[in-house]
Amino acid sequence: MDIKNRRDTSRILICSAWPYGSGIPHLGNLIGCLLSGGALTRYYRLRGYETLHVSGTDAHGTRIEYEAARTGVSPAKLVEQVHSQILEIIKTFDIAIDNYTTTESPVHKEFVVDIYRKMDANGYITTAEEERVYCTICNRFLADRLIIGRCPKCGSERAKGNQCDACGVMLEPEELSDAKCSFCGKGMVVRKRTRHWYLDLEKLSPKLRQYIASRNFRGNVKLFAGQMLEDGLRPRAITRDLEWGIPAPFVGAEGKVIYVWAEAALGYLSATIEHFRNQGEEEQWRKFWFGDDVKQVYPQAKDNIPFHAIIFPAQLIASGEGYHLPDQIAASEYLNWIGGERFSKSEGKGIYVDEAIKLLDPEYWRFYLLYDRPETHDVNFSWAELDRVINGILIDNISNLINRVLSFIERNYDGIVPSGKLDPKVAERLKVGIMEYGRAMEAGSIAAAARVVASLAVFGNEYFQQKRPWQTNDPQGVIAGFHLVKAIAVLLQPFVPRFSTAILTRMGASQGTWDEINIIAGGRKISSESFLLAKIDVAELERRYNEMKNQVG
RNA sequence: GGCGACGUAGCUCAACCGGCUUAGAGCGCUCGGCUCAUAUCCGAGAGGUUCAGGGUUCGAGUCCCUGCGUCGCUACCA
């Protein structure tokens with residue numbers, strides 16, 4: 001297992017990757033960070049850990065500066081809008097999080113400046129001059145990809161300075177003919193000398209090696225990090241010639257900002273500090289960043305791995321503060337659109353969160369996204385799969401079992417759970433299921449844990465069917481059925497919290513605690529409130545989705 | 001171009017460091033059963049030369065080589 005034994009720590013810090021503030025996230029973005037982090041947070045809380053979940057809107061960088069210019073607002077305004085939209089999403093999706101902040105927070109800016117001064121003082125920051133592309137009309141440096149021109153290979157007019165999307169060839173800005181700046185749409189793109197500051201990853205690599213070796217990362221994380229170390233680390237530029245961002249605190253770096261990826265991840269610390277400062281007990285943040293009585297978990301999508309497995313730990317090490325380093329990178333693959341295409345707002349592909357909310361209650365999306373969380377490979381969205389997961393698994397199997405047991409108790413036992421001995425076979429099956437569930441969650445495999453819950457429901461249906469209490473009047477099947485269904489309700493909490501709470505309330509267990517699983521509930525009165533989830537009509541959804549897309553386009 | 005991952009039943013996927021001697025599961029399909037339950041549930045069955053070709057091994061889906069196909073990364077997008 002790539003985590004410490006559960007008994008080793010009493011504290012869990014969940015650090016979800018920071019959604020980028022350039023626009024509303026799509027379903028793939030959501031499952032890649034906050035939704036996964038929220039589910040893990042609920043799991044660890046359920047198990048009684050002192051759990052803190054932090055994240056925020058990644059507010060800086062080239063893309064935002066560009067997007068803001070394109071839409072005619074200030075970067076600050078754009079980010080503010082997106083940030084408040086994400087806060088709304090967190091509410092409607094019931095995402096359990098303690099502090100969702102932004103990298104515009106004063107606490108963050110102060111922290112970043114401070115830690116860079118330390119890295120500098122410790123000799124891990126170097127500087128060098130280089131040539132970068134520059135627009136003489138806008139008077140600004142440009143990222144290579146913000147140069148647009150004609151591809152020398154295929155002739156496409158939309159080739160970017162780093163790569164041509166049409167034919168896939170890698171390019172240098174000079175290779176484009178008729179190169180134009182994306183901001184002003186004019187020519188006059190030249191090379192200009194500029195000084196930048198670097199984090200000396202090369203110097204840090206022995207310590208990074210040691211760190212990577214100590215963590216037993218799995219899958220893509222191990223692969224990516226291993227590959228980078230094997231290729232050899234070079235110093236990496238941590239400043240940019242932009243206006244929008246955190247001013248670089250180095251002598252001679254006036255007018256430059258810290259590269260967005262060189263500060264966003266530091267937000268995990270600043271968000272923790274901010275959280276406890278708001279609580280009026282600031283020093284408590286140290287509990288989550290020093291010593292060994294904490295396990296840090298980082299839910300994210302695979303494109304974030306190099307930054308979290310290499311660069312972020314490198315910064316922490318370079319600070320010399322002795323911070324606790326990331327323990328688990330719970331990286332997911334991508335959720336792609338139908339047929340394996342990437343989500344794209346401009347091309348009208350995929351479902352963005354604002355659209356998702358209009359189509360379906362977020363509780364359904366939660367279950368679909370967490371159940372199909374891309375853990376071993378990319379997953380393609382399909383309406384048929386949504387149908388299968390929601391109607392086939394959540395409703396026809398899990399919810400149906402709960403309903404058939406509860407309504408049976410209501411009709412045949414006056415709503416009182418019959419007393420009696422629990423079939424050891426059922427107790428054993430449940431024990432195994434719970435063990436697998438916990439192991440999966442603690443390995444960051446949320447989808448695997450969801451499948452365990454579903455398999456318990458399958459077992460429950462088989463068992464209930466076999467006992468056929470409606471014929472035999474034997475209460476054993478009912479006793480076991482209720483016990484199983486109660487456990488399932490608790491295990492569902494990280495996935496569908498509202499549904500789980502509704503069922504537990506109906507079962508006379510308003511406190512959805514982990515201990516509820518083991519209570520033998522004979523004699524308990526159940527309520528008759530409705531908890532059923534309506535089935536979804538996927539054909540209708542698809543029709544409304546297309547309608548929605550046509551209106552926009 | 002360089003590096004890497006993947007390619008298993010109609011579909012979506014399992015199979016930890018090569019080994020529970022007939023490669024598993026769900027969906028779909030065929031047949032049967034139940035009727036407590038949101039037409040929900042249970043059982044049985046058909047269906048695969050594990051992309052192709054070669055090699056290592058007592059033994060390979062699992063390791064090596066070649067080819068084909070899909071995808072990702074290539075450090076100034078995040």
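In what follows, chains carry the letters A, B, and so on, assigned in the order in which the sequence lines appear, proteins first and then strands, with residues in each chain numbered from 1.
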Kindly give the atom pairs (protein nitrogen or oxygen, nucleotide nitrogen or oxygen) under 3.5 Å for nucleotides 10-17 of chain B.
{"residue": "rC13(B)", "atom": "O3'", "partner": "His377(A)", "partner atom": "NE2", "Å": "2.9"}
{"residue": "rA14(B)", "atom": "OP1", "partner": "Thr376(A)", "partner atom": "OG1", "Å": "2.5"}
{"residue": "rA14(B)", "atom": "OP1", "partner": "His377(A)", "partner atom": "NE2", "Å": "2.9"}

Given the ring of [Y], does [X] sit roughly above its face, with NZ or CZ under 6.0 Å from the centre of the six-membered ring and within 45° of the axis?
{"X": "Arg63(A)", "Y": "Tyr20(A)", "value": "no"}
{"X": "Arg240(A)", "Y": "Tyr259(A)", "value": "yes"}
{"X": "Arg132(A)", "Y": "Phe141(A)", "value": "no"}
{"X": "Arg451(A)", "Y": "Tyr371(A)", "value": "yes"}

Any non-hydrogen side-chain atom of Met228(A) less than 4.5 Å from a side-chain atom of Ile212(A)? no
List, with names and distances, any nitrogen or oxygen atoms from the protein found under 3.5 Å away from nitrogen or oxygen atoms belonging to nucleotides 2-6 of chain B.
{"residue": "rC3(B)", "atom": "O2'", "partner": "Gln227(A)", "partner atom": "NE2", "Å": "3.1"}

With under 30° as parallel and over 60° as perpendicular, where do the rings of Trp261(A) and His308(A) fit, or are they tilted in between? perpendicular
Select one nucleotide: of rC34(B), rC41(B), rA78(B), the one nearest the side-chain heavy atoms of Asn397(A). rC41(B)
Nearest to the Trp470(A) side chain among rC77(B), rC34(B), rU38(B), which nucleotide is it? rC34(B)
For RNA chain B, whose closest nucleotide is more 5', that of Phe459(A) or that of Ser407(A)? Ser407(A)
Looking at residues at least two apart in the chain, or sitting in another chain, which of them share a side chain to side chain donor-acceptor pair (under 3.5 Å) with Glu375(A)? Arg373(A)
